[in-house]
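Quick notes on the structure that follows.
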Amino acid sequence: MARMWYVLLASCVACAAFLSVADATIIRLNCETIDEKCLLKNVFATEDDRFKEIRNERYQSVIEFFDCHIHTLPPIPYINKVKADAINLVRIEENTFSTIHDLDVSYNRLREFSPDSFEYPEELLKLNLNGNPTLKDFAFLSKLSGLNTLDMADMKLELELLDTGIFSKMSQLSRLNMSDNRITSVPVGMFAPLVALTYLDLSRNSIAKIPSGTFAIAVTHGYEEYGLYHQALHFDLSYNNISIIENNAFTHASKINLRNNKLIGIGQYAFDNRTALQSLDLSGNVQLRNFDFLHNLRSLHDLDMSRMNFSFDIESTPRNIFDDLDSLTMLDLSHNHIGEIPIGIFAELQSLNFINLRHNSISHIEFGTFSMRKYDLIDEIDLSYNEIKQINFLVFVPLKYLKTLLLHGNKISSVNAKQLTRNKSLYNFGIQNSNVRCFDLIDLLGSLKLVHEPNEFISHLPNVDGIKCQP
């Protein structure tokens, strides 16, 4: 009897196994050639299904999966690019790729990525892993020594859980995107091996502090000139929770975006004083009041200090705040609480071309406000949306290169054309959304170009050349 049950059980197991194998499908993949790429459309495969080799009637450099639902990729022949985004991939198995340069597996459900999935891993140049929050094992990255672009955004990453040597062999990596993750801190030295880096995006995370040496990267693509190290290296750290940046946090950088953080302190030497930092965005940091670090940024070209609750308060803002910014060409102080501009505050900005002061509370412009001590290179001044009621336009006459003056949205009721046109270089004048008289604008038409705010050409009210005015 027992023997009989054994035979029956064995038969059932064999039957189940036969059914499982029988249910699996061998799927043939045929290319549809569109725009010189191999398009694989409407492929649906379960975890048990297997693929035959992709049939490519004539060689194509791109394979793209479109409107598919598959658990793992078929073996891919020698190819330049594979686009397999949003097709519900769960795993990438070993021996999937031969030679491949560009792989996009973004927005899938990847849980496994075999370290042996590439026959020639060093030949992969670009990898997009965006939007795979279930992928936690990144051992496969250690073999991708030829990468120049790596996208790891929107993956719920926490750097503390990654191997600190994850980038140790990526000496060719130029662009790294780790934005929109759950990063709270950056291990010191993690990015140091990336000597070819030009762009690092850590925006929209929860980073709270940048300790000394965090972004000490000895890049190899820079050059030294006049005692400063020049390089194209851009850090995007916007929309984090950064409150403190310690000294020597950055050793090489050309552009740093710190927009919308919670900065309260930046070390005087946070940006190494031998580094030729050219662009710095501090906008939206409403608590920052310490600006000593600016004195070490002699190569800075662009400085954005908008939306910072900033004012030229005698007690909190030193009069020499901008004195060492010899190379500054653009200064943005818009959307702040500036009521008065101290005479001489801009005197040392010998390279300044454009100053943006719109959306403040300025009511008066004094003679000498924009006088430069050495050179006068100011090209554009924007004083729009302040509290100016009357202005003596002769204050702008000494500015020999001023081409654009914008006074939109103030409370100015009259414009003295004779005063304004004394400046022979002035070409563009903006006075929209004001109470100015129509005949004043007519006096200007022969000498200046009246510029509009975007999409605000007035045609249904009294106007001159589309600018609203008082008859």
Legend entry - Backbone N/O of G344 and side chain of S371: donor-acceptor pair under 3.5 Å: no
Inset, instruction - Could you tell me how the ring of F457 sits relative to the ring of H452: parallel (under 30°), tilted (30 to 60°) or perpendicular (over 60°)? - result: tilted
Inset, instruction - Might you point out which heavy atoms bring P398 and L394 nearest each other, and give the distance in Å? - result: CD-O, 3.6 Å
Inset, instruction - Considering only NZ, NE, NH1 and NH2 on the basic side and carboxylate oxygens on the acidic side, decide whether K403 and E380 come within less than 4.0 Å. - result: no
Legend entry - E64 and K83 ion-paired at < 4.0 Å: no
Legend entry - Stepwise side chain to side chain contact (heavy atoms under 4.5 Å, CB included) check, Y107 with N130: CA-CA 6 Å; Y107 295 99; N130 253 13; 3.8 Å; yes
Inset, instruction - Would you check if V395 and V397 make a side-chain contact, meaning some heavy-atom pair closer than 4.5 Å? - result: no
Inset, instruction - Supply the atom-to-atom distance M308 CE to L282 CG, rounded to the nearest 0.5 angstrom. - result: 5.0 Å
Legend entry - Distance-only donor-acceptor check, side chains T72 and E112, under 3.5 Å: no
Legend entry - S114 side-chain N/O to D116 backbone N/O, donor-acceptor pair under 3.5 Å: yes
Inset, instruction - Return yes when atom CD of Q390 has more than 12 non-hydrogen atoms of other residues, nucleotides or ligands closer than 6.0 Å, and no otherwise. - result: no
Legend entry - Steps toward salt bridge (charged side-chain N to carboxylate O under 4.0 Å, His left out) verdict (K143, E122): CA-CA 7 Å; K143 293 189 175 184; E122 68 280 0; over 6 Å; no
Inset, instruction - If the plane angle is over 60° it's perpendicular, under 30° parallel, otherwise tilted; pick one for F167 and F191. - result: parallel
Legend entry - Pair N433-E456, side-chain donor/acceptor within less than 3.5 Å: yes
Inset, instruction - Over all heavy atoms of both residues, which pair between I217 and A192 is shortest? Give the atoms and the distance, please. - result: CG2-O, 4.1 Å
Inset, instruction - Drop me the distance from S361's OG to E387's CD, to the nearest 0.5 angstrom. - result: 5.5 Å
Legend entry - Pair E93-S117, side-chain donor/acceptor within less than 3.5 Å: no
Inset, instruction - For S106 and D104, test the side chains for any donor-to-acceptor distance below 3.5 angstrom and give the result as yes or no. - result: yes
Inset, instruction - Measure across L352 and T329 and return the closest heavy-atom pair with its distance rounded to 0.1 Å. - result: CD1-O, 3.6 Å
Inset, instruction - Return yes if some donor-acceptor pair links the side-chain N/O of D324 with the main-chain N/O of N296 below 3.5 Å, else return no. - result: no
Legend entry - Minimum heavy-atom distance between M305 and N336, given as atom pair plus value: O-ND2, 2.9 Å
Inset, instruction - Give the ring-plane orientation class for F310 versus F291, where under 30° counts as parallel, over 60° as perpendicular and anything between as tilted. - result: perpendicular
Inset, instruction - Please check if the side chain of N410 supplies one atom and the backbone of I388 the other of a donor-acceptor pair under 3.5 Å. - result: yes
Legend entry - Min side-chain heavy-atom separation L141-M152 under 4.5 Å: yes
Inset, instruction - Output the distance between atom CG (L147) and atom CG (L176), rounded to the nearest 0.5 Å. - result: 10.0 Å
Inset, instruction - Determine yes or no for a side-chain-to-main-chain donor-acceptor pair under 3.5 angstrom, with N356 supplying the side chain and R358 the backbone. - result: yes
Legend entry - F367 atom CZ, neighbour heavy-atom count above 12 within 6.0 Å: yes
Inset, instruction - Could you check L150 against L173 for side chain to side chain contact (heavy atoms under 4.5 Å, CB included), going step by step and ending with a plain yes or no? - result: CA-CA 8 Å; L150 175 58; L173 193 67; 3.9 Å; yes
Legend entry - Plane angle bin for F312 and F346 - parallel if under 30°, tilted between 30 and 60°, otherwise perpendicular: perpendicular
Legend entry - Side-chain touch L303/D332, heavy atoms, less than 4.5 angstrom: no
Legend entry - Flag, side chain of S327 to backbone of R298, donor-acceptor distance under 3.5 Å: yes
Legend entry - Sidechain N-carboxylate O distance under 4.0 Å for R259, D304: yes
Inset, instruction - For N248 and G213, indicate whether the former's side chain and the latter's backbone hold a donor-acceptor pair under 3.5 Å. - result: no
Legend entry - Any L280 side-chain heavy atom under 4.5 Å of L300 side chain: yes
Inset, instruction - Answer yes if the side chains of S174 and T198 hold a donor-acceptor pair under 3.5 Å, and no otherwise. - result: yes
Inset, instruction - Step through the shown structure and confirm whether more than 12 heavy atoms of other residues, nucleotides or ligands are within 6.0 Å of CD on E340. - result: no
Inset, instruction - Check whether any side-chain heavy atom of K411 lies under 4.5 Å from a side-chain heavy atom of S434, and answer yes or no. - result: no
Legend entry - N257 and F235: CA distance, side-chain angles, deciding distance, side chain to side chain contact (heavy atoms under 4.5 Å, CB included) verdict: CA-CA 6 Å; N257 186 351; F235 293 95; over 6 Å; no
Inset, instruction - Give a yes or no on whether the backbone of L237 and the side-chain of N261 come within a donor-acceptor separation of less than 3.5 Å. - result: yes
Legend entry - Neighbour count >12 (heavy atoms, 6.0 Å) for atom CZ, F66: no
Inset, instruction - Could you tell me whether R307 atom CZ has more than 12 heavy atoms of other residues or ligands within 6.0 Å of it? - result: no
Inset, instruction - Determine the minimum heavy-atom distance between K136 and K156, stating which atoms define it. - result: NZ-O, 3.8 Å
Inset, instruction - Walk me through it: do F429 and Y427 pass the test ring pair (Phe, Tyr, Trp, His ring centres under 6.0 Å)? - result: CA-CA 7 Å; F429 181 59; Y427 178 73; over 10 Å; no
Legend entry - Atom pair CD1/OG1 of I345 and T317 - distance to nearest 0.5 Å: 7.5 Å
Legend entry - Point-to-point distance, once rounded to the nearest 0.5 Å, from CD1 of I343 to CD1 of I365: 10.5 Å
Legend entry - Side-chain heavy-atom pair F396, I391 within 4.5 angstrom cut-off: yes
Legend entry - Nearest-0.5 Å distance, CD1 of residue I467 to CG of residue L441: 6.0 Å
Legend entry - Face-on cation placement of R204 at Y239 ring, 6.0 Å and 45° thresholds: yes
Legend entry - Check: I166 main-chain N/O paired with K169 side-chain donor or acceptor under 3.5 Å: no
Inset, instruction - Taking the side chain as every heavy atom from C-beta outward, state whether L450 and N428 have any atom pair closer than 4.5 Å. - result: no
Legend entry - K400/D376 ion pair, N-O < 4.0 Å: no
Legend entry - Nearest non-hydrogen partners of D163 and M190, listed with the distance: O-CE, 4.0 Å
Legend entry - F293 ring center within less than 6.0 Å of Y269 ring center: no
Legend entry - Side chain N240, main chain I242, donor-acceptor under 3.5 Å: no
